[in-house]
Amino acid sequence: AQSVTQPDIHITVSEGASLELRCNYSYGATPYLFWYVQSPGQGLQLLLKYFSGDTLVQGIKGFEAEFKRSQSSFNLRKPSVHWSDAAEYFCAVGVFNAGGTSYGKLTFGQGTILTVHP
Amino acid sequence: DTAVSQTPKYLVTQMGNDKSIKCEQNLGHDTMYWYKQDSKKFLKIMFSYNNKELIINETVPNRFSPKSPDKAHLNLHINSLELGDSAVYFCASSQRLPGGWGNTIYFGEGSWLTVV
């Protein structure tokens, strides 16, 4: 069964500093990987996704993520954090049904809470 | 123009009551989902419907009954509510494509259910 681990429960950075949020996955086939962000009291917003191709993917709000198959990782990065980036970030892996149709099931990590100091 | 909308956003109710959460998507997707986020922020899928047909049911108690009147709507009805049902329930949708993921899952803003 697939699983996702986000090793850092809580990260604090200063505004303007760089950011890297870690995500490791376990899945037997080609993974479909996602990063979502959840602001307090809000829903989930898709930041970026990886399906295939270029292993460095760009997302919204200046975020990017790099897929590294050898490390089973999909870490999220941002070169300069803004106060508005404070939120909880979720990494997820999508299950691909080998029967030929997309299954549509996401397995999420535990989330990483990002605090930004002024 | 909200893509995936859920109502109500907040719901406080007593144990033993029956309640429903409604969800509608205007993205033209054929697959809809219910996810549950517990008090520890752990997100897990509950149900998935494709063209009104149930395709995923993740060992959810029978008190939870999804209903999809058409592919744009997926409602969640919960009978005999228990304290442990307190959570945030997210509706989501995507387009199911053969051969893999051609699209992604879009989430609603969540419904905060509190059982007292």
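In what follows, chains are A, B, ... by sequence order, proteins preceding strands, each numbered from 1.
Residues from residues 74-90 of chain A that place a non-hydrogen atom less than 4.5 Å from a non-hydrogen atom of chain B comprise Glu88(A), Phe90(A), given in numerical order.
Phe108(A) approaches Phe42(B) most closely through the heavy-atom pair O-CE1, 4.1 Å.
Within a 6.0 Å sphere centred on CG of Asp70(B), heavy atoms belonging to other residues, nucleotides or ligands number more than 12. Surrounding CD of Glu53(B) are at most 12 heavy atoms belonging to other residues, nucleotides or ligands under 6.0 Å away.
Clustering of Ile, Leu, Val, Met, Phe, Trp and Tyr side chains at separations under 4.5 Å places Val116(B) together with Val12(B). Residue Val115(B) belongs to a hydrophobic cluster whose other members are Leu11(B), Met15(B), Ile21(B), Met32(B), Trp34(B), Met46(B), Phe47(B), Tyr49(B), Leu54(B), Val60(B), Phe64(B), Leu74(B), Leu76(B), Ile78(B), Leu81(B), Leu83(B), Tyr89(B), Leu113(B), with links defined by side-chain heavy atoms closer than 4.5 Å.
Linking Ile, Leu, Val, Met, Phe, Trp and Tyr residues whenever their side-chain heavy atoms come within less than 4.5 Å leaves Ile60(A) and Leu56(A) in two separate clusters.
Rounding to the nearest 0.5 Å gives a distance of 12.5 Å between CD1 of Ile9(A) and NZ of Lys41(B). Within the model, atoms OH of Tyr32(A) and CD1 of Ile105(B) stand 13.0 Å from one another, a figure rounded to the nearest 0.5 Å. Here NZ of Lys44(B) is found 7.5 Å from NZ of Lys105(A). Values are rounded to the nearest 0.5 Å.
Within the 4.5 Å cutoff, no side-chain heavy atoms of Phe107(B) are placed close to those of Gln38(A). Using a 4.5 Å heavy-atom threshold, the side chains of Leu106(A) and Tyr33(B) count as separate.
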Listed pairs under 3.5 Å, donor-acceptor, residues 109-118 of chain A side chains, sequence neighbours left out:
from	atom 1	to	atom 2	distance (Å)
Gln110(A)	OE1	Gln6(A)	N	3.2
Thr112(A)	OG1	Gln6(A)	NE2	3.3
Thr112(A)	OG1	Asp8(A)	O	2.6
Thr115(A)	OG1	His10(A)	NE2	2.7

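Contacts between Leu44(A) and chain B at a heavy-atom distance below 4.5 Å involve backbone atoms as well as side-chain atoms. Residue Lys9(B) touches chain A through its side chain alone, counting heavy-atom pairs closer than 4.5 Å.
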